[in-house]
There are 4 protein chains.
Amino acid sequence: MAKKLWGARFTKEIDKDFFQFQKSIQYDYKLAKYDIYHSLIHVLALADAKILSKPETKKLISSLKEILKEIEANKFKPNLESEDIHTDIQNRIEKKIGRLALKLHTLRSRNDMIVFDEKFYSSDKASEIVDNLRKTIASLKYLSNQYKNIDIVGYTHSQRAQKIKFSDYIGAFIKMFGNDLERLSNFQNNLIIYIGSGAFKGTTLLKNYKTAIKKANGILRFKTGKIKVVDNPACNVSDRDFIVEFLSILANLQMHLSRICEDFILYSTKEFNYLELPEEFCTGSSLMPHKKNPDFLELVRGYTGRIYGGLISILVTMKGLPLTYNRDMQLDKKPLFSCVEIIEAELKLMAKFIKEIKLNKEVIKIALKDKSLYTVDLVESLVKDNGMPFKKAYDIVGKSIKNK
Amino acid sequence: MAKKLWGARFTKEIDKDFFQFQKSIQYDYKLAKYDIYHSLIHVLALADAKILSKPETKKLISSLKEILKEIEANKFKPNLESEDIHTDIQNRIEKKIGRLALKLHTLRSRNDMIVFDEKFYSSDKASEIVDNLRKTIASLKYLSNQYKNIDIVGYTHSQRAQKIKFSDYIGAFIKMFGNDLERLSNFQNNLIIYIGSGAFKGTTLLKNYKTAIKKANGILRFKTGKIKVVDNPACNVSDRDFIVEFLSILANLQMHLSRICEDFILYSTKEFNYLELPEEFCTGSSLMPHKKNPDFLELVRGYTGRIYGGLISILVTMKGLPLTYNRDMQLDKKPLFSCVEIIEAELKLMAKFIKEIKLNKEVIKIALKDKSLYTVDLVESLVKDNGMPFKKAYDIVGKSIKNK
Amino acid sequence: MAKKLWGARFTKEIDKDFFQFQKSIQYDYKLAKYDIYHSLIHVLALADAKILSKPETKKLISSLKEILKEIEANKFKPNLESEDIHTDIQNRIEKKIGRLALKLHTLRSRNDMIVFDEKFYSSDKASEIVDNLRKTIASLKYLSNQYKNIDIVGYTHSQRAQKIKFSDYIGAFIKMFGNDLERLSNFQNNLIIYIGSGAFKGTTLLKNYKTAIKKANGILRFKTGKIKVVDNPACNVSDRDFIVEFLSILANLQMHLSRICEDFILYSTKEFNYLELPEEFCTGSSLMPHKKNPDFLELVRGYTGRIYGGLISILVTMKGLPLTYNRDMQLDKKPLFSCVEIIEAELKLMAKFIKEIKLNKEVIKIALKDKSLYTVDLVESLVKDNGMPFKKAYDIVGKSIKNK
Amino acid sequence: MAKKLWGARFTKEIDKDFFQFQKSIQYDYKLAKYDIYHSLIHVLALADAKILSKPETKKLISSLKEILKEIEANKFKPNLESEDIHTDIQNRIEKKIGRLALKLHTLRSRNDMIVFDEKFYSSDKASEIVDNLRKTIASLKYLSNQYKNIDIVGYTHSQRAQKIKFSDYIGAFIKMFGNDLERLSNFQNNLIIYIGSGAFKGTTLLKNYKTAIKKANGILRFKTGKIKVVDNPACNVSDRDFIVEFLSILANLQMHLSRICEDFILYSTKEFNYLELPEEFCTGSSLMPHKKNPDFLELVRGYTGRIYGGLISILVTMKGLPLTYNRDMQLDKKPLFSCVEIIEAELKLMAKFIKEIKLNKEVIKIALKDKSLYTVDLVESLVKDNGMPFKKAYDIVGKSIKNK
């Protein structure tokens with residue numbers, strides 16, 4: 001067990017199994033970068049408040065920057081005996097610069113840090129997902145362009161309905177993902193990352209934070225545009241509605257993904273046979289040597305369970321919690337991280353996958369010969385050209401089908 | 001069983017039990033108003049396309065307006081033997097004007113109508129919920145103003161933490177609901193109500209719809225600002241992401257509601273005793289004559305299950321559906337309606353309830369005497385006034401607690 | 001507003017909107033029958049305790065029986081101005097026999113009644129669902145027998161895999177539903193319906209209840225075999241785990257239903273075309289006169305959302321509730337009732353539907369000519385007859401496929 | 001990338017990112033032990049079918065036993081470049097004994113292995129959870145015995161209701177957990193672990209498996225009592241209802257855990273102050289030196305989100321999957337493993353935690369002086385001793401409260 005950030009009043013050692021149960025370092029280390037950002041602004045605020053001298057400030061900032069470099073170079077290895085990422089970073093700094101480190105946490109609470117970190121993470125990840133979603137949309141457009149003037153069979157209720165342009169069919173998914181993209185952008189744009197909540201009642205450093213944010217913009221290399229001094233600290237440390245919002249947008253996106261997968265699985269069956277899937281994204285069977293399975297599509301469809309489950313998880317955890325911070329809220333991170341990581345992995349592959357899909361034009365051509373696809377046109381011509389009332393035209397065409 | 005909108009090709013009668021199972025009139029009658037709107041625009045489009053003559057148009061519009069009046073006067077009684085609201089209205093018009101009614105559904109599909117109706121409903125309801133949420137926020141501000149300079153005990157982990165202003169405590173909920181309100185407004189603003197999808201490939205009436213929407217603005221009394229001619233019909237009839245988005249915003253709001261309820265239940269226990277709840281919103285026990293129970297707060301907290309359940313319901317139903325329309329999607333309405341109605345009922349009462357809450361100032365005053373509420377101030381003064389490193393100050397104050 | 005069972009200590013009238021919000025009569029009237037059962041036993045207990053005289057007992061019992069008759073004849077109309085079913089029945093008895101009715105609720109709490117009612121309902125409904133499930137299984141057996149020696153194409157990953165007997169394919173669903181049936185029976189068998197909890201600490205009538213249950217067996221016409229005098233009253237009134245258990249069994253069953261629907265929808269596409277669905281369970285399109293849609297299957301698949309949503313609803317409502325009874329728990333009924341009713345309606349139709357399915361033997365025969373269905377047999381013969389190591393045989397057969 | 005169990009027909013290499021996306025070794029290595037069991041029985045079956053010679057059989061078995069020893073000694077490190085645990089073990093054996101290993105997978109499919117492994121895992125874990133739950137119940141009994149004749153305040157609606165024995169209060173949780181225990185035992189008892197499904201249509205080795213299971217009992221050290229030769233292979237490889245059943249039992253248990261946590265958090269507030277929680281299971285604040293927070297209870301309550309989320313995850317993934325095996329089903333493992341591991345960790349600590357709880361007898365004694373706790377006794381005496389009708393007695397006592 002590494003040094004902890006608390007404990008003066010305790011007379012008994014923490015139970016070792018309980019320590020393992022309650023620590024979060026094994027997953028919250030993913031927030032390391034953002035935790036450094038918080039510390040950097042905090043140090044600038046303490047300097048502005050004259051709680052740190054200039055040399056102290058310099059020393060602290062340079063040690064924070066050292067750790068940041070490690071993180072950015074993917075060399076940061078969390079100490080799994082630390083309680084959480086805040087403690088881990090604190091302990092590292094103490095190792096680097098000794099007792100001065102004990103001033104770093106002055107008038108600061110982990111309650112403020114964690115929500116700062118999670119919001120920054122969510123903002124960055126929302127941007128990344130937007131980028132990846134753009135690539136998926138671009139691949140859909142590429143595919144659509146490959147088969148520009150092709151018509152395909154359109155379905156309702158999984159039954160042949162009417163002829164439809166392939167570009168309109170693919171366009172439906174482009175439109176769905178476009179809506180997801182808009183929701184993600186709105187979420188990202190509206191997200192405000194607050195600082196200065198203390199445990200929940202704010203601190204006396206609020207003015208200093210304001211100065212610090214401005215300064216940070218100059219001397220540090222991260223975007224501070226979304227950071228603001230907190231307005232209602234009790235709300236800030238208590239709420240996780242931004243995670244619910246983020247995950248529900250991802251749930252909608254995942255729902256759309258499950259549907260494109262369903263269609264592509266269907267269309268690549270031997271029976272439909274409209275699509276040829278790229279072999280590099282299929283797997284075989286250990287028993288049946290002939291199999292070529294649409295595993296990628298099945299796995300994406302299957303992940304719907306995990307994304308919906310993640311959304312429910314955070315909603316349930318937050319239900320009925322009294323104000324302000326409660327330890328239950330630590331458990332917001334696993335669903336957040338896992339939903340984000342699943343979606344990212346799916347989208348990265350989806351963009352590649354879609355480009356490699358081939359249409360079986362011959363099969364499609366034959367299917368389009370099915371006369372039932374043109375009943376609406378027939379009805380329309382009876383109505384428009386012959387002035388027949390719609391219902392009558394509908395009945396005549398319908399009965400002619402029956403009699404076949 | 002009333003007359004149906006389909007069936008020409010069928011040789012067997014629909015199974016009676018199956019008819020009952022599949023019909024939706026018992027709940028989709030709530031969309032009657034919006035279904036009339038769709039019909040009005042559709043008739044104008046048919047007129048513009050010369051499919052309806054001027055007298056025909058006039059007759060149809062006036063019969064639609066008659067039904068609209070009934071609906072607006074709350075006198076509309078759905079015929080429960082109709083299959084759905086579209087059919088019900090069609091049949092009514094046939095009763096009024098005879099065979100001309102058979103032209104009403106020309107080149108139109110219920111797939112286009114139902115999503116039009118549901119989006120219009122969602123848009124209207126989002127506005128109403130915004131209004132009701134504003135009233136709840138106003139009540140919170142009123143309550144906060146009633147006890148302007150009062151401090152109360154602030155909690156983390158359900159344990160006494162620091163003194164906090166009552167206005168900041170209530171401000172946390174105002175901020176939460178303010179976020180919900182912003183989400184709802186964004187949702188409502190971004191929602192576009194499309195028309196013209198046909199079954200899923202659009203119709204040849206698209207230009208006429210454009211004209212019709214413009215005209216409708218002049219001669220009808222509903223807002224057409226959100227209505228547009230469909231861009232991708234296949235997407236429009238296939239998707240229900242707007243319901244997922246709406247219900248997930250309501251889920252966040254409900255999560256916040258569950259938390260204010262939890263706190264108020266806690267604070268009105270005999271043990272905390274900070275709050276006096278209005279008797280008009282409490283109930284008693286049939287066995288224990290002394291009981292005064294916070295039923296309103298418990299019921300709102302309990303409804304969290306229903307709202308989360310509604311969100312999961314629509315998400316699950318939409319998972320993995322092939323394009324385009326599938327009958328599964330009919331089942332989107334019950335969760336939509338019930339979530340909306342629950343939230344509306346909760347908010348209407350919440351606004352009244354909050355205004356009647358009384359603070360037990362004497363009890364609060366005594367609680368505020370607890371010295372442990374001021375340890376942060378003590379630490380801060382050691383740091384700021386005595387220049388002590390934070391960690392040392394923390395340890396000194398912490399140990400003094402332990403030794404008590 | 002009708003007379004209430006509580007209120008002596010209240011000085012203000014209940015808010016009218018809140019009364020509407022909190023009442024449950026609009027759905028808990030479905031428990032009327034079981035509420036009468038509780039009252040009958042209770043009256044016998046009060047008689048045994050000499051709190052009621054013999055004439056009083058007789059009068060009360062006969063008035064209860066009168067109401068029971070109405071219920072059994074489907075003539076019971078709840079008074080929607082009553083708070084709940086308990087109150088409604090109490091008021092009816094008062095109307096019938098006057099002031100003596102005021103003795104009925106002696107030393108009894110609605111907390112005890114409601115859980116008694118819900119358990120009895122769950123027990124009865126579990127039995128009914130078992131019966132309906134048996135019928136569905138019987139229909140599957142019937143279908144399987146109709147096509148006794150037929151082979152069909154078996155699939156993994158929606159891709160053709162190996163030939164399989166139709167009876168084994170249908171047998172898979174029979175086995176799944178058989179497992180559901182076993183779970184339902186176990187649930188029903190293990191369910192104990194307790195009486196005598198009072199509000200939560202039991203009553204002094206426990207011995208009298210024991211006698212009363214025995215007596216009830218003789219003079220009343222409902223099965224008392226599952227009724228016991230409560231052992232831990234605090235648990236009994238606080239818990240709803242039996243609803244979670246019941247709904248999770250139904251969720252498993254519904255998951256299985258969604259899968260048979262998915263397969264049958266797939267197999268009735270024009271592309272697979274293995275099945276002909278009964279027209280009486282299909283519907284058409286209001287625009288496309290040729291359509292015959294598998295609506296029944298789609299609706300059942302779609303209801304999965306509602307069943308999963310119901311399960312989540314009760315789980316969420318119960319999360320984190322303090323002991324003992326809380327008003328949140330009133331909201332357990334809607335998900336319980338709606339899940340039960342959906343499953344019942346589905347199963348009743350499913351049993352009919354399945355019997356009418358026809359196999360397109362010719363289409364199947366052609367599909368079975370696909371050589372890829374027999375690669376495992378080829379590998380097996382190479383292994384068994386030629387003594388070739390499996391992996392080598394697999395590779396040879398696999399490569400021969402590739403080279404085609 | 002390590003060697004794969006499939007691929008003969010493929011001409012392109014699998015995409016590297018897709019390989020990472022689709023592999024499961026990073027979590028399914030937890031099933032290593034059970035995968036060895038399957039292989040052992042399979043080798044015995046192949047021997048019985050004369051596909052393996054005696055020396056081959058001996059060699060294979062001894063290499064399997066070697067790996068089993070590693071696993072049991074916790075020395076097994078999965079090769080993260082393997083696709084899954086089945087492949088990893090196959091490759092290990094090939095390393096040990098060369099080309100003979102290529103016979104191991106003869107006429108076997110991973111579809112059969114994975115469900116065998118998961119059922120065996122579920123069975124073992126259900127037993128372990130039963131043991132841990134027994135310990136938690138034992139701790140509750142211990143706590144109850146420590147305060148044998150103590151009464152406490154009983155609550156309904158979080159409001160003081162009636163006096164209740166501490167042992168009855170704790171008894172309510174004992175009863176709840178007892179119900180969970182019974183459900184778990186039933187699940188474990190009814191679970192059958194099938195072998196012999198092949199990909200989904202069974203194998204020609206079924207008789208040999210029967211012999212092999214019997215033999216295994218003699219020469220191997222694992223319990224074969226639950227293993228049976230498969231009856232319907234298509235069902236066996238297609239279904240995961242046992243995971244839904246298992247996780248829904250855990251969801252009920254978790255719901256109960258959330259409630260005991262809620263109560264203990266409440267009772268350890270400064271305001272209720274009935275309980276003293278063991279310091280070893282509490283943590284402090286990094287800002288407020290006086291804090292002692294009930295983190296263990298909060299975390300357990302918070303984990304409710306994860307357990308419910310896990311249940312929903314598997315339910316959603318399985319929704320609407322066509323028969324037989326689909327790759328979506330690979331995603332059943334993460335929710336299964338994580339729910340099991342969370343529950344195990346919770347219960348282990350819960351048993352320790354509960355034993356260390358202390359009651360603040362003095363505080364309780366004062367609370368019990370509250371007269372409102374005895375209104376039911378008053379009513380009862382008026383009814384029983386004075387023969388007053390219940391309703392009248394209730395009204396008199398109720399009004400006397402009001403007038404205070």
> What residues of residues 161-168 of chain B sit under 4.5 Å from chain D when only non-hydrogen atoms are counted?
Replying inline: B:Ala161, B:Gln162

>> Only pairs of heavy atoms separated by less than 4.5 Å count here; which of D:Ile265, D:Asn273, D:Leu287 has the most with chain B?
In response: D:Leu287

> Contact part of B:Tyr374 toward chain D, heavy-atom cut-off under 4.5 Å: side chain, backbone, both or neither?
Replying inline: neither

> Short question: side chain of D:Lys292, backbone of B:Gln159 - any donor-acceptor pair under 3.5 Å?
Replying inline: no

> Relative to chain B, which segment of D:Tyr308 carries a heavy atom at a distance below 4.5 Å: side chain, backbone, both, or neither?
Replying inline: neither

> In Å, rounded to the nearest 0.5 Å, how long is the span from OG1 of D:Thr375 to NZ of B:Lys291?
Replying inline: 9.0 Å

> Under a 4.5 Å heavy-atom cut-off, does chain B meet the side chain of D:Leu315, its backbone, both or neither?
Replying inline: neither

> Which region of D:Ser286, side chain (C-beta onward) or backbone (N, CA, C, O), has a non-hydrogen atom less than 4.5 Å from a non-hydrogen atom of chain B, or is it both or neither?
Replying inline: backbone

>> Heavy-atom cut-off 4.5 Å, strictly under: side chain, backbone, both or neither for B:Val379 against chain D?
In response: side chain

>> Counting only non-hydrogen atoms closer than 4.5 Å, does B:Asp395 touch chain D with its backbone (N, CA, C, O), its side chain (CB onward), both, or neither?
In response: neither

> Is there side-chain contact between B:His290 and D:Val397, with at least one heavy-atom pair below 4.5 Å?
Replying inline: no

> Do B:Thr156 and D:Met288 have side-chain heavy atoms sitting under 4.5 Å apart?
Replying inline: yes

> Where on D:Glu262 is there a heavy atom nearer than 4.5 Å to chain B: the side chain, the backbone, both, or neither?
Replying inline: side chain

>> For B:Lys334, is the NZ atom crowded, meaning more than 12 foreign heavy atoms sit under 6.0 Å from it?
In response: no

>> For B:Lys392, is the NZ atom crowded, meaning more than 12 foreign heavy atoms sit under 6.0 Å from it?
In response: no

>> So for D:Leu378, is it side chain, backbone, both, or neither that comes closer than 4.5 Å to the heavy atoms of chain B?
In response: neither

> Where does D:Lys319 contact chain B at under 4.5 Å (heavy atoms): side chain, backbone, both or neither?
Replying inline: both

> Where on B:Leu297 is there a heavy atom nearer than 4.5 Å to chain D: the side chain, the backbone, both, or neither?
Replying inline: neither

> So what's closer than 4.5 Å to chain B heavy atoms on D:Thr317: side chain, backbone, both or neither?
Replying inline: backbone

> Between B:Thr269 and D:Phe272, is any pair of side-chain heavy atoms under 4.5 Å apart?
Replying inline: yes

>> Quick check for you: among D:Ile396, D:Leu266, D:Asp370, D:Ile312, which has the greatest number of heavy-atom pairs under 4.5 Å with chain B?
In response: D:Asp370

> How long is the gap from OG on D:Ser158 to OH on B:Tyr267, to the nearest 0.5 Å?
Replying inline: 13.5 Å

